[in-house]
2 protein chains.
Amino acid sequence: MRLTAKSEYGLLAMIYLASSLEDGPVSAREISEQQEIPAKFLEQLFVGLRQAGLVSAVRGARGGFALAHAPEDINVLAIVEALEGPLVATVCEGDRGLTCGRSGACAAAAVWNRATAALRDVFESATLAELVTAQDVIDSRPIG
Amino acid sequence: MRLTAKSEYGLLAMIYLASSLEDGPVSAREISEQQEIPAKFLEQLFVGLRQAGLVSAVRGARGGFALAHAPEDINVLAIVEALEGPLVATVCEGDRGLTCGRSGACAAAAVWNRATAALRDVFESATLAELVTAQDVIDSRPIG
DNA sequence: CCCAATCCTGACTGAAACAGTAGTGTTTGG
DNA sequence: CCAAACACTACTGTTTCAGTCAGGATTGGG
């Protein structure tokens, strides 16, 4: 339930990769410049994305990153969780288990759980394919 | 989009107040003990809740706090925003305006906005009245 | 072969936010 | 008058955030 710059940058990078499918591996530097993401920070993000199996890396000169799956098979939830860890309610259920002893026997917890479920649903139903299409529409629209 | 202990404690306190409607003002100390919330921390939360017009305070001996409106007229969104500030997407739209220059012309932003809207919807549709009812059901159910 | 481009790894850091704590003042019922 | 309660300000230790820094490993091209 905590979204940081990692998710923002990570999603931008993944959308960029998805719209560069044909171009072979894309370097982190290119993405960094085009999307205005700090280069070394972006490199760190790709560690998480690669470990999660969302991108494949090609090392060496002319190397770079590419999507490991089709854009329609990668959703935002996977990206967010790869970068931020499991998407759980930070409230009432932190890293060290339950904060309160009430477990499920707490009406407040039900609200936090509903909130988390709603977030998961939004993120899970948004695929890279959809976002690339949406971005294309935006970009092709006349300014103003 | 950032939920902290303030929201957790605050909601517990508000639920407690809602189930103590008949008892006149309830002291912060009582809530602190019953809900296991650090006393001085809880006091700070009531500052925000009072300024938001969600509770009314009675000073002096035998004083305390009470809901300023009927439980069905107070929703979780109001409580959360009273304690954490406006519920906006922390991603792509921070305190210092837009992080990127893309404004609305960004497919990624659409996802974050959808997420925020989903959260708002969950919180807005959950009232204290509902939560008290839910808590009563939980408490009256036999253990195990 | 060498070098530059590229990914990979780990440590480090300044600033901010989080989760309280401490101390003091003000009001008021008994 | 005094103890109980809210009100306000300031402080603090810890963690997270958002990067930065330094170097190592791998590879294509000249």
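Order of the sequence lines fixes the chain letters, A, B, ..., with proteins taken first and strands second; residue numbering starts at 1 for each chain.
Shown here are the salt bridge (charged side-chain N to carboxylate O under 4.0 Å, His left out) partners of B:Arg59, two or more places apart in sequence or in another chain: there are none. Every residue two or more places apart in sequence or in another chain that forms a salt bridge (charged side-chain N to carboxylate O under 4.0 Å, His left out) with A:Glu33 is listed here: A:Arg29. A search for side-chain hydrogen bond (donor to acceptor under 3.5 Å, both in side chains) contacts involving B:Glu30 returns B:Tyr16, not counting sequence neighbours.
B:Tyr9 has a side-chain polar atom (N or O) that falls below the 4.0 Å cut-off from OP1 or OP2 of C:dG20. Residue A:Thr4 places none of its side-chain N or O atoms closer than 4.0 Å to OP1 or OP2 of D:dT16.
What separates CZ of A:Phe41 from C1' of D:dC17 is a distance of 8 Å, to the nearest Å. The distance from atom CG of B:Leu3 to atom P of C:dC18 is 11 Å, rounded to the nearest whole Å. B:Glu8 places its CD atom 13 Å from the C1' atom of C:dC18, with the value rounded to the nearest Å. In this entry the distance linking CZ of B:Arg2 with P of D:dT15 reads 17 Å, nearest Å. The distance from atom CG of A:Leu42 to atom P of D:dG19 is 11 Å, rounded to the nearest whole Å.
At a threshold of 4.0 Å, the pair B:Glu130-A:Arg114 counts as salt-bridged, since one of the basic side-chain nitrogens sits closer than that to a carboxylate oxygen.
Hydrophobic cluster membership differs between A:Leu67 and A:Val58, with clusters built from Ile, Leu, Val, Met, Phe, Trp and Tyr side chains linked at under 4.5 angstrom.
For the pair A:Ser32 (side chain) and A:Ile37 (backbone), a donor-acceptor distance under 3.5 Å is present. A donor-acceptor contact shorter than 3.5 Å is absent between the side chain of A:Gln35 and the backbone of A:Ala13. Remark: side-chain polar atoms of B:His69 are paired, donor with acceptor, to backbone N or O of B:Gly53 under 3.5 angstrom.
In the model, B:Glu84 has a side-chain atom that pairs as donor or acceptor with a side-chain atom of B:Thr4 under 3.5 Å.
Along DNA chain D, the nucleotide closest to A:Val58 and the one closest to A:Ala39 are compared, and the more 5′ of them pairs with A:Ala39. When each of A:Ala5 and A:Ala61 is assigned the nucleotide of DNA chain D with its nearest heavy atom, A:Ala5 is the one assigned upstream, toward the 5' end.
When heavy atoms are screened at a 4.0 angstrom cut-off, B:Gly60 is found touching base atoms of the nucleic acid.
Note on ring orientation: taking the six-membered ring where Trp is involved, the planes of B:Phe123 and A:Trp112 are perpendicular (angle over 60°, cut-offs 30° and 60°). Classification of the B:Tyr9-B:Phe41 ring pair by plane angle, with boundaries at 30° and 60°, yields perpendicular.
Taking every heavy atom of residues 25-33 of chain A and every atom of DNA chain C, pairs under 4.0 Å involve A:Val26, A:Ser27, A:Ala28, A:Arg29, by number. If you check residues 76-84 of chain A against DNA chain D, you find no residue with a heavy atom closer than 4.0 Å.
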Item to check | Contact pattern, 5' to 3', of nucleotides 7-13 of chain D - B, S or - by protein heavy atom under 4.0 Å | outcome: BB-B---

